[in-house]
Amino acid sequence: MTTEEQKMTLHHDLKVLETESLDSGFHWLRLNPPSWSWQPGQFLMLRPREWSSDPFLPRPLSIADLDGEALSLFWHVVGKGTRKMTHLRSGDRVRVWGPLGRGFYFEPHMPVLLLAGGMGLAPFIGLIRHHPHPENLELIFGHREDLSSYPLAELSKRILTWSLQDRTPKDLAKLEKAMKVKIQGYSGDGRVLACGPRPFLSMVSRLSRENGARTQVCMETPMACGHGVCLGCSVPGAGGRTYQACVDGPVFSAEELALDQE
Amino acid sequence: MEQTVALGGLTLKNPVLTASGTFGYGTEASAFGDVRFLGGIVVKGLSLEARPGNPGGRIAETPCGMLNSIGLENIGAGRFVREFLPRLPWQETPVVANIYAGDYDEFAELAAYLADQEGIAGLEVNISCPNVRAGGARFGQDPDMAAKACAAVREKAGDKPVILKLSPNVTDVTEIARAVEDAGADAVSLINTLSGMAVDIRTRRPVLGSVIGGLSGPAIKPVALQAVYRVCREVNIPVVGLGGITSAEDALEFILVGARAVQVGSASFADPQLPFSLVSRLEELCEELGIESWEEFRGRIETE
Ligand SMILES: Cc1cc2nc3c(=O)[nH]c(=O)nc-3n(C[C@H](O)[C@H](O)[C@H](O)COP(=O)(O)OP(=O)(O)OC[C@H]3O[C@@H](n4cnc5c(N)ncnc54)[C@H](O)[C@@H]3O)c2cc1C
Ligand SMILES: Cc1cc2nc3c(=O)[nH]c(=O)nc-3n(C[C@H](O)[C@H](O)[C@H](O)COP(=O)(O)O)c2cc1C
Ligand code: FES
């Protein structure tokens, strides 16, 4: 692709094809698909046309799925922007720019353990749907809300999944134990890919280090620009380095960061 | 209409620049537009040595704007000159280095180093940073300290123009503007961010790791316009206006109250193509409004 073509494909004004609202604040948005080549873990910045000055900033969202039919986004309402996004209706136009950042690295033949905490499931949806050898994938899913909010029934038809509710400290201990056992199993030729809240990723990083697993984590820090110009998304790296989550990540190898010291 | 403007020794092909800290080191946004079409770019604030910046939350959205506490993180002037400057089209678009330092000697050393680089067209001095020698008081909040910082840079900047970037967090911004004009500034730019804060009543914690940060975006435009208007009436050097510009209309408002050029800041987070689209939109808007030259329009606000 030439630089000229990249310019043409980065920034888009896309039409909303369909919206879907699930229980407890979970939503799907399906947009007219841009012709991007993308990797799971990459994200986009989204800003609906009618936001004028408020909300001011665009919002970063994982590419949950992208194929010839639609660009799909899956999100949970946590504040003003994600709430306002629920007002979108089919036919509306949104600006998006992407695919941004560095996604997960894996090869189809590798055994891969996916670890998702809550909304951390989003980048794995397309990965699971399109993986040529789903038998090489396994997912542990820690969640707070009811399972019906997530597309887990669909994903379980393709790959082996383990869902654990994570509401109380006791639940958390159980989740940690389950992850530890699985991470040990993938510490040889396997890869571990994780996405979820910061404490979840810290736990995964520690378990990976203790068990010698090769792990990648997706860092969802708040972002203003998404393309490296504001320095708002810094994450502390190992050895005193600082990384920018939007361009150096959002996916990092666990050793690059110092998450297990948090 | 002819868009060219002269800015303290620089010739800009149009009055649109990017604001420091919102356009990285100049190369990152290349997917959104061609820097050669801009009037100029101002890069992220540089210091002599690289700095890690602030830990913890660095950005928070606020009504019609945002707070940031980046903490002046940067790769250091040397690395910018070696790694980024050669990749920028400085022969075609002026590259202005925004600089900050902890004392006057450091300002002088930094100015001497950067002014010596062929690719750097001018220096913009961020005086909102703390003076470590003067117990952390901010250069930009005291006319004497601002003037001394200006003089230190001016003396070492050779034939490169020096623009002083003024902070709005002062009792009277015109006093600082006059002080730096007397100290030899070739131009002033304003405004930098306003001090601000956001808190979370559930966690009982500040949203920013550094507690207090800088407010930018459309929310601050009236404050910025007022400051530019007042400074334009007090000084004879060119004024660069910024603060909350999101459209060509906003840019013209700053020019109407007297600004020679404008900078696009945090609005380019909401629309990364904005600095580029603003250039052509500004030209169209001048046609629409029948503006025949900048001289005929600039500063011609009628208050009687
Ligand atoms: C690379 C990346 C991919 C993401 N992918 C998804 C996704 O696929 N689905 C999804 O639902 N969310 C995703 N997020 C998180 C999403 O961007 C935030 O939830 C959203 O920006 C919050 O906006 P708001 O206006 O609703 O909340 P705000 O009013 O801005 O904040 C409300 C609360 O959410 C917290 N918050 C703000 N930004 C983030 C963030 N980036 N991550 C976690 N918490 C945050 C704030 O600290 C605050 O407590 C992703 C974030 C990143 C950086
Ligand atoms: C994330 C961010 C980083 C900034 N960094 C700098 C900086 O390094 N030096 C400086 O002089 N101003 C810096 N500024 C201030 C802007 O250049 C500008 O003065 C201010 O944001 C107001 O303009 P705006 O409302 O258009 O953003 C920064 C602003 C933001 C939002
Ligand atoms: S979000 Fe702006 S630099 Fe990463």
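Quick caveat: nothing in here was measured; it's all calculated off a predicted structure. Reminder, nothing fancy here: chain letters follow the sequence lines and each chain counts from 1.
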With chain A, which of [options] has the greatest number of heavy-atom pairs at distances under 4.5 Å?
| options | value |
| --- | --- |
| B:Thr27, B:Thr22, B:Asn54 | B:Thr22 |
| B:Gly57, B:Gly65, B:Pro55 | B:Gly65 |
| B:Ser69, B:Cys64, B:Gly26, B:Gly24 | B:Cys64 |
| B:Gly217, B:Gly53, B:Ser266, B:Ala267 | B:Ser266 |

Does [X] have more than 12 heavy atoms from other residues, nucleotides or ligands lying within 6.0 Å of its [atom1]?
| X | atom1 | answer |
| --- | --- | --- |
| B:Arg205 | CZ | no |
| B:Glu49 | CD | no |
| A:Arg209 | CZ | yes |
| A:Glu50 | CD | yes |

Of all the heavy-atom pairs spanning [X] and [Y], show the shortest one and how long it is.
| X | Y | result |
| --- | --- | --- |
| A:Leu231 | B:Ile70 | O-CD1, 3.5 Å |
| A:Ala224 | B:Met66 | CB-CE, 4.1 Å |
| B:Pro218 | A:Ser53 | CG-OG, 3.6 Å |

Examine distances only and state if a side-chain atom of B:Arg58 and a backbone atom of A:Cys233 form a donor-acceptor pair shorter than 3.5 Å.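 Flag not set: sc B:Arg58 to bb A:Cys233 has no pair under 3.5 Å.
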Keeping the roles fixed (side chain from B:Glu28, backbone from A:Val229), state whether a donor-acceptor pair exists under 3.5 Å.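 Looks like no, no N/O pair under 3.5 Å.
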Between atom CD1 of B:Ile59 and atom OG of A:Ser234, what is the distance when rounded to the nearest 0.5 Å?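 Going from CD1 on B:Ile59 over to OG on A:Ser234, the span is 9.0 Å.
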Atom group of B:Thr62 that falls short of 4.5 Å from chain A, counting heavy atoms: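 Backbone only.
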Interface residue of largest heavy-atom contact number with chain B, from A:Gly232, A:Gly226, A:Cys225, under 4.5 Å: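 Heavy-atom pairs under 4.5 Å are most numerous for A:Gly232.
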Among A:Met223, A:Lys80, A:Arg47, A:Arg241, which residue has the highest count of heavy-atom pairs closer than 4.5 Å to chain B?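 So the answer, after comparing A:Met223, A:Lys80, A:Arg47, A:Arg241, is A:Arg47.
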Are A:Phe56 and B:Pro63 packed together at the side-chain level, in the sense that at least one heavy-atom pair is separated by less than 4.5 angstrom?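 A side-chain contact is absent here, since even the closest heavy-atom pair is not under 4.5 Å.
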Is there side-chain contact between B:Glu61 and A:Arg59, with at least one heavy-atom pair below 4.5 Å?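 A side-chain contact under 4.5 Å exists here.
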Give the intermediate values and the outcome of side chain to side chain contact (heavy atoms under 4.5 Å, CB included) for residues B:Phe32 and A:His227. CA-CA 10 Å; B:Phe32 298 102; A:His227 62 280; 3.6 Å; yes
